[in-house]
Q: 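Can you read through this structure? Questions will come right after.
We count ligands from 1, going down the list as the structure has it; atoms in each ligand are counted the same way.
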Amino acid sequence: MTRVVETISELRVRLRSWRGEGHSIGLVPTMGALHEGHLSLVRRSKTVSDRTVVSIFVNPLQFGPREDFAAYPRVLAEDVAKLEAAAVDLVFHPPAAEMYPPGFRTHVDQDDLPDHLCGLSRPGHFRGVLTVVLKLFNLVRPDAAFFGQKDFQQAAILRRMNEDLNCGVDVEILPTVREKDGLALSSRNRYLSPSERAEAPALARALALADAAFRKGERSGAALLAGVRDHLRPTSMTVDYVNVVDPFTLEDRIEVRAGDVVAAAVRLGTTRLIDNVTLGV
Ligand code: AMP
């Protein structure tokens with residue numbers, strides 16, 4: 001039976017008893033509106049952890065003033081039904097005031113990794129992500145935590161935090177789950193109109209073409225990126241960025257090599273979509 005707790009004290013009681021019984025704990029942080037991408041993380045946690053905690057928290061700190069915090073889908077009953085079906089042990093669903101009570105004033109920052117890709121158009125976003133994930137690590141003290149490669153920059157940043165701040169969590173990054181037509185699953189896909197939804201897979205296709213070109217021997221970063229932009233040009237997407245980067249430093253690559261990542265963000269109508277591909281793996 002999946003229990004939903006909203007307070008830190010209830011969370012602590014449950015975790016204390018599990019730890020007392022010697023159980024290992026897996027954590028899957030989410031913002032809800034769950035789909036198969038989230039559930040793939042849950043299933044992985046279930047296979048390597050004795051107990052799995054899923055957090056559902058639309059973190060106000062990681063949204064900019066003109067972003068979709070208010071509109072972000074909140075469908076708790078549906079989410080809990082999915083987690084119940086996946087036999088998740090505990091859902092942590094705190095109100096914002098439980099995480100950020102009056103007087104809260106401490107944040108986590110990171111050098112340079114947030115100054116690339118999504119961080120450029122979303123100032124403060126990764127500070128919000130780092131802060132909430134460190135809080136969740138401290139609250140749950142998981143043995144392992146599971147994140148998606150779909151949010152590639154986030155994964156790189158959180159891996160770094162885990163090392164730098166000695167969190168001691170086994171951070172696992174899992175592959176992007178996609179629709180049959182290639183579109184990466186995202187809670188934001190539900191914002192797409194039918195015609196936007198029809199166009200959306202062009203992003204994944206453009207990235208797959210870059211990978212195909214790499215596999216055929218193309219090593220020029222500029223040529224790969226031009227190919228991605230060419231593929232997107234006939235669509236109604238506006239490109240926020242397309243870069244090919246080192247997967248750890250997130251610095252742009254001129255000569256690409258296997259393991260580098262082509263990452264892109266586009267706007268389709270009012271919806272921002274991100275996706276990425278790791279070259280040659
Ligand atoms: P979110 O609820 O969007 O904050 O995502 C929660 C976690 O699910 C993050 O670690 C995401 O990277 C991961 N995630 C989101 N979409 C996907 C996907 N399509 N495939 C795999 N993981 C995903």
Q: Salt bridge between D230 and R233, side-chain N to carboxylate O under 4.0 Å?
A: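 Judged by the 4.0 Å cut-off on N to carboxylate O distance, D230 and R233 do form a salt bridge.
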Q: For the pair D275 and R178, find out whether any cationic side-chain nitrogen is under 4.0 Å from an anionic carboxylate oxygen.
A: yes
Q: Using a 4.0 angstrom limit on heavy atoms, which residues are close to ligand 1?
A: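 Under the 4.0 Å cut-off, ligand 1 touches P29, T30, M31, H35, G37, H38, L41, Y72, F147, G148, K150, D151, Q154, P175, T176, V177, L185.
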Q: Between R267 and D240 (salt bridge meaning N to carboxylate O under 4.0 Å), is one present in this structure?
A: no
Q: Ion pair present between E10 and R3, side-chain N to carboxylate O less than 4.0 angstrom?
A: yes
Q: Taking D68 first and then R272, would you say they form a salt bridge - that is, a charged N and a carboxylate O separated by under 4.0 Å?
A: no
Q: On the 0 to 90° scale, with breaks at 30° and 60°, tag the Y72-F63 ring pair as parallel, tilted or perpendicular.
A: perpendicular
